[in-house]
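Written out below as C-alpha cells is the structure these notes cover.
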Amino acid sequence: MKFKSIKGTKDILPGEVEAWQHVERVVHRVMRDFNYREIRTPVFETTALFSRSIGELTDIVNKEMYTFLDRSEESVTLKPEGTASVLRAYIQNNLGEQSPLVKVYYMGPMFRQERPQAGRLRQFHQFGAEAIGSQSPLLDVEMTALALEIYSQLGIKQFELKINSVGCEKCRPQYKELLVAELTRIQSKLSPESQARLKQNPLRVLDSKDEGDKAATKNVPLMKDHLCTECVEHFTKVQQLLNAIGIKYAIDGRLVRGLDYYTKTAYEITSTALGSQDALAGGGRYDLLVEKLGGKPTPGVGFAAGIERLLMVLEKSGNTPKDEAGPVLFFVALDNSSLTWAFAEATKLRAKGIAVELDYLGRSVKAQMREANRQNARYVVVVGETELKSGKAKLKDMRNGGEQEISLERIDGSLQS
RNA sequence: GUGGCCAUAGUUCAGUUGGUUAGAACGCCAGGUUGUGGCCCUGGAGGUCGUGGGUUCAAAUCCCACUGGUCACCCCA
C-alpha cells in the first residue's frame with residue numbers, strides 16, 4: 001500500500017463502474033435521439049486556449065488549472081471544461097464549412113486543482129453538448145431539454161432549472177457600469193469578498209451566499225431588466241419555448257456563471273440531493289467565443305453536466321442499477337484433464353457470446369461451487385472422468401438448484417438465460 | 001489557499017478514568033458430504049493502532065508536528 005491515487009482523484013472500481021456504464025449508455029442514447037454526434041478531444045491543450053476562452057480573471061484560470069511545462073517548454077493544461085476544446089476542434093477542422101450547424105457532444109474527464117469536498121474532485125467527469133452555428137433560441141431550449149431528458153431517463157426527479165440572461169456585448173457593458181456605480185454606493189455594507197469581487201467581476205457580487213450581501217444587494221439593478229431589445233426578445237422566446245414543451249423553470253436574475261464567455265442565456269440545474277456543491281449541470285450561449293478563439297463569428301450554445309454529482313443523486317434516490325450480471329455458466333472441474341477440457345469448452349462457448357467462468361485456483365468442488373454462487377452464475381456444469389467418458393453431465397440451475405442431464409456436445413443448446 | 005472534524009484487521013466500527021496477549025461484525029480461507037453453492041456450525045489467516053517526536057514506570061488512549069481523508073468557505077460540474 002505504498003502508492004496512493006493523487007488527492008482528489010478516485011478509482012472507479014468493479015461494482016461502481018456498472019452505474020457509470022448505465023449513465024453513459026443513457027447519455028449516448030439520448031444524444032443520438034437529439035441528433036448530437038460524439039466528439040473526442042485530447043485531455044490537454046495549450047494553456048492559452050483556456051485562459052482566452054474561460055477568461056483571465058476567472059477562478060478556473062486563476063487558481064484551478066493543472067498547468068505545466070512539457071519537455072519543449074510549452075505550457076499545457078489539463079482541460080478544466082469541455083467547450084474550449086470542442087470549439088478549438090471545430091475551428092481547426094473547419095467543421096463549420098461542412099455544415100452550417102454542428103451539433104456535438106462529449107463525455108470525459110476534466111481537471112481542476114481545487115480542494116476536494118463533497119461533489120468536487122480534482123479529476124471529475126462531465127458530459128456536455130454544443131450546438132454551433134445558430135442563434136436560434138430553439139437551441140438554447142434544446143440544451144435544457146436534452147439534459148432534462150437524460151435525467152428523466154435515469155429516474156432523477158429532484159432538480160430545479162434556473163435560467164437568466166446575461167446580455168450581450170451591446171447591453172452588458174452599460175449595465176455593468178450601472179451595477180458598479182450602485183455597488184460602489186453601498187460598498188461599505190458588502191462583505192470583504194464581495195468588495196474584492198466588485199473590482200474583479202462585479203456580476204459575481206449578485207450571487208454571493210453571504211447573508212449580508214444578499215440583504216445589501218436586494219434592490220440592486222439586475223441584468224435581465226436592462227437587456228437590449230435583441231436580448232429581451234431572445235430571452236422571451238426562450239421562456240415561451242420552455243413553456244411550449246412543458247419544462248418547468250425559474251428565472252433567477254442573479255444567476256451568473258463562472259466562465260466569462262456566456263452571452264444571453266445562462267442556465268443551471270441544481271439538486272437538493274447534493275451537498276453544498278449543488279450544481280448538476282450548467283451552460284449557456286456563447287455567441288462571441290468562436291470568433292474570440294480565431295474562428296469566423298459564429299454563435300453557439302452548450303451545457304455541461306457532472307457525472308459524479310449525477311451519480312450522487314442517483315444513489316440518494318435509490319436509482320443506482322444493481323450489479324447482478326454474472327456468468328451464464330460456471331464449469332466445476334474435478335481433476336486436471338477435466339479442467340483442460342472445461343477450459344477448451346469455455347473458450348468455444350465464449351466465442352459464441354456466452355459468458356463462461358471456471359476455477360483457476362485448483363480449489364475443491366465445494367469451493368468452486370461457492371465461487372460459482374458468489375459470482376452469481378446462472379448454471380453450473382460439473383465435469384469429471386465420468387462425464388468426459390459418457391459425454392453427459394448434469395446442468396445445475398443455481399436459481400432453484402434443479403439439475404438436468406445434458407450432452408457435453410451441445411451445452412449451448414441447453415442454456416437458457 | 002483558509003477553517004472544523006476524523007485516522008484501530010480487506011470493510012464498517014468497538015476499545016472503559018493511560019495498565020500488560022488490541023476485539024466484534026461482515027468479508028476471505030479451510031472443514032462439517034468419497035464429486036455440489038446459498039442458510040447454519042466449527043476452526044483459521046489477517047493489525048509496526050496513519051507517520052514522527054514528546055509526557056509517563058506504562059500510550060491505540062494525553063500533548064505537538066507532519067501526512068492523509070472528510071466536510072465547509074471560495075468557486076463550480
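Reckoned from all heavy atoms, side chains included, excluding hydrogens, waters and symmetry mates. Proteins come first, then strands; the chains are lettered A, B, ... in the order of their sequence lines, and each starts at number 1.
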Revision key, fill the gap. Walking RNA chain B from its 5' end, the first of A:Phe124 and A:Lys10 to be reached, judged by nearest nucleotide, is A:Lys10
Check your understanding: What distance, rounded to whole Å, do you find between the two P atoms, one in B:U67 and one in B:A22?
Key -> 31 Å
Practice item. Between B:C64 and B:A24, how far apart are the C1' atoms? Round to whole Å, please. Key: 33 Å
Check your understanding: Which whole number of Å gives the distance between the P atom of B:U33 and that of B:U16?
Key -> 43 Å
Practice item. Under 4.0 Å between any heavy atoms, over every strand shown, what does A:Ala372 touch: base, sugar-phosphate, or nothing? Just pick one. Key: nothing
Practice item. Give A:Glu64 one of three labels, base, sugar-phosphate or nothing, depending on what nucleic acid heavy atoms sit under 4.0 Å from its own. Key: sugar-phosphate
**Study point:** Between B:C49 and B:U8 - C1' atom distance, rounded Å
**Key:** 4 Å
Review point. For the pair made of CZ in A:Phe3 and P in B:G68, what is the distance, rounded to whole Å?
Key: 15 Å
**Study point:** Nearest-Å distance for atom pair CG/P, residues A:Leu274 and B:A72
**Key:** 10 Å
Practice item. Report yes if a donor N or O on one partner sits less than 3.5 Å from an acceptor N or O on the other, where the partners are the side chain of A:Thr386 and the base of B:G35; otherwise report no. Key: yes
Point to revise | A:Glu308 and A:Lys10 ion-paired at < 4.0 Å | key: no
Check your understanding: With sugar-phosphate meaning primed atoms plus P, OP1 and OP2, does A:Asp335 contact a base, only sugar-phosphate, or nothing at under 4.0 Å between heavy atoms?
Key -> nothing
Check your understanding: B:G27 and B:G47: how far apart are their C1' atoms, nearest whole angstrom?
Key -> 16 Å
Review point. Contact class for A:Thr58 (heavy atom, under 4.0 Å): base, sugar-phosphate, or nothing?
Key: nothing
Check your understanding: At under 4.0 Å, does any side-chain N or O of A:Gln117 touch on OP1 or OP2 of B:U70?
Key -> no
Check your understanding: Taking the same atom, C1', in B:A45 and in B:G3, what whole-Å distance lies between them?
Key -> 43 Å
Practice item. Would you classify A:Leu121 as touching base, sugar-phosphate or nothing, given that sugar-phosphate means primed atoms plus P, OP1 and OP2, and contacts are heavy atoms under 4.0 Å? Key: base
**Study point:** Distance, rounded to the nearest Å, where A:Asp59 contributes CG and B:C73 contributes P
**Key:** 14 Å
Point to revise | From B:A72, B:A77, B:G68, nucleotide with atom closest to A:Ala118 side chain | key: B:A72
Check your understanding: Picking from A:Lys170, A:Lys264, A:Lys292, what satisfies salt bridge (Lys or Arg N to Asp or Glu O under 4.0 Å) with A:Asp287?
Key -> A:Lys264
Practice item. Starting at atom CD1 of A:Ile6, determine the distance to atom P of B:U67, rounded to an integer number of angstrom. Key: 16 Å
Review point. Which residues pass the side chain to side chain contact (heavy atoms under 4.5 Å, CB included) test with A:Asp359, sequence neighbours left out?
Key: A:Leu361, A:Arg363, A:Gln368
Review point. Going through the checks in order, is the salt bridge (charged side-chain N to carboxylate O under 4.0 Å, His left out) test met by A:Arg254 and A:Asp207?
Key: CA-CA 5 Å; A:Arg254 288 164 184 270; A:Asp207 70 345; over 6 Å; no
Practice item. Please work out if A:Arg204 contacts a base, only the sugar-phosphate, or nothing of the nucleic acid, heavy-atom cut-off 4.0 Å. Key: sugar-phosphate
Review point. Quick one: is A:Arg115 getting a side-chain N or O under 4.0 Å of the B:C71 phosphate, OP1 or OP2?
Key: no
Study note, to complete from the structure: Output field dot_bracket for RNA chain B (Watson-Crick or G-U, both distances under 3.5 Å, | for other-strand pairs) contains (((((((..((((.....[...)))).(((((.......))))).....(((((..]....))))))))))))....
Check your understanding: Got a second to check how far A:His28's NE2 is from A:Tyr105's OH, nearest 0.5 Å?
Key -> 4.5 Å
Review point. So, A:Arg122 side chain and A:Thr9 main chain: donor-acceptor pair closer than 3.5 Å or not?
Key: no
Exercise for review: With RNA chain B as reference, determine whether A:Arg122 or A:Ser276 sits nearer its 5' end, using the nearest nucleotide of each.
Suggested key: A:Ser276
Review point. Rounded to whole angstroms, how far apart are NZ on A:Lys4 and P on B:U51?
Key: 11 Å
Exercise for review: Using a cut-off of 6.0 Å, state whether more than 12 heavy atoms not belonging to A:Arg350 lie near its atom CZ.
Suggested key: yes
Check your understanding: Quick one: does A:Thr46's side chain have a donor or acceptor within less than 3.5 Å of a partner on A:Ala48's backbone?
Key -> no
Practice item. Scan for ring pair (Phe, Tyr, Trp, His ring centres under 6.0 Å) pairs involving residues 130-168 of chain A, sequence neighbours excluded, and state none if there are none. Key: A:Tyr151-A:Phe159
Practice item. Go through the N and O atoms of the side chain of A:Gln277 and the base of B:A72, and report whether any donor-acceptor pair is under 3.5 Å. Key: no
**Study point:** B:G38 versus B:C28 - spacing of their P atoms, nearest Å
**Key:** 11 Å
**Study point:** Whole-Å gap separating C1' (B:C66) and NZ (A:Lys7)
**Key:** 13 Å
Exercise for review: Take atom P in B:G69 and the same atom in B:U11, then report the distance between them in whole Å.
Suggested key: 15 Å
Point to revise | Of all pairs that satisfy salt bridge (charged side-chain N to carboxylate O under 4.0 Å, His left out), the ones with a partner from residues 147-161 of chain A, not counting sequence neighbours | key: none
Check your understanding: NA contact type, A:Arg257, heavy-atom cut-off 4.0 Å: base, sugar-phosphate, or nothing?
Key -> sugar-phosphate
Practice item. Using a 4.0 Å heavy-atom cut-off, write out nucleotides 36-41 of chain B from 5' to 3' as B (base contacted by protein), S (sugar-phosphate only) or - (no contact). Key: BBB---
Point to revise | Separation of atom CG in A:Asp278 from atom C1' in B:A77, rounded to whole Å | key: 11 Å
Study note, to complete from the structure: Residues passing the side chain to side chain contact (heavy atoms under 4.5 Å, CB included) test with A:Ser390, sequence neighbours excluded, are A:Lys392
Practice item. Mind calculating the distance between OH (A:Tyr105) and C1' (B:A77) to the nearest angstrom? Key: 19 Å
Check your understanding: Between atom CD1 of A:Ile406 and atom NZ of A:Lys396, what is the distance when rounded to the nearest 0.5 Å?
Key -> 14.0 Å
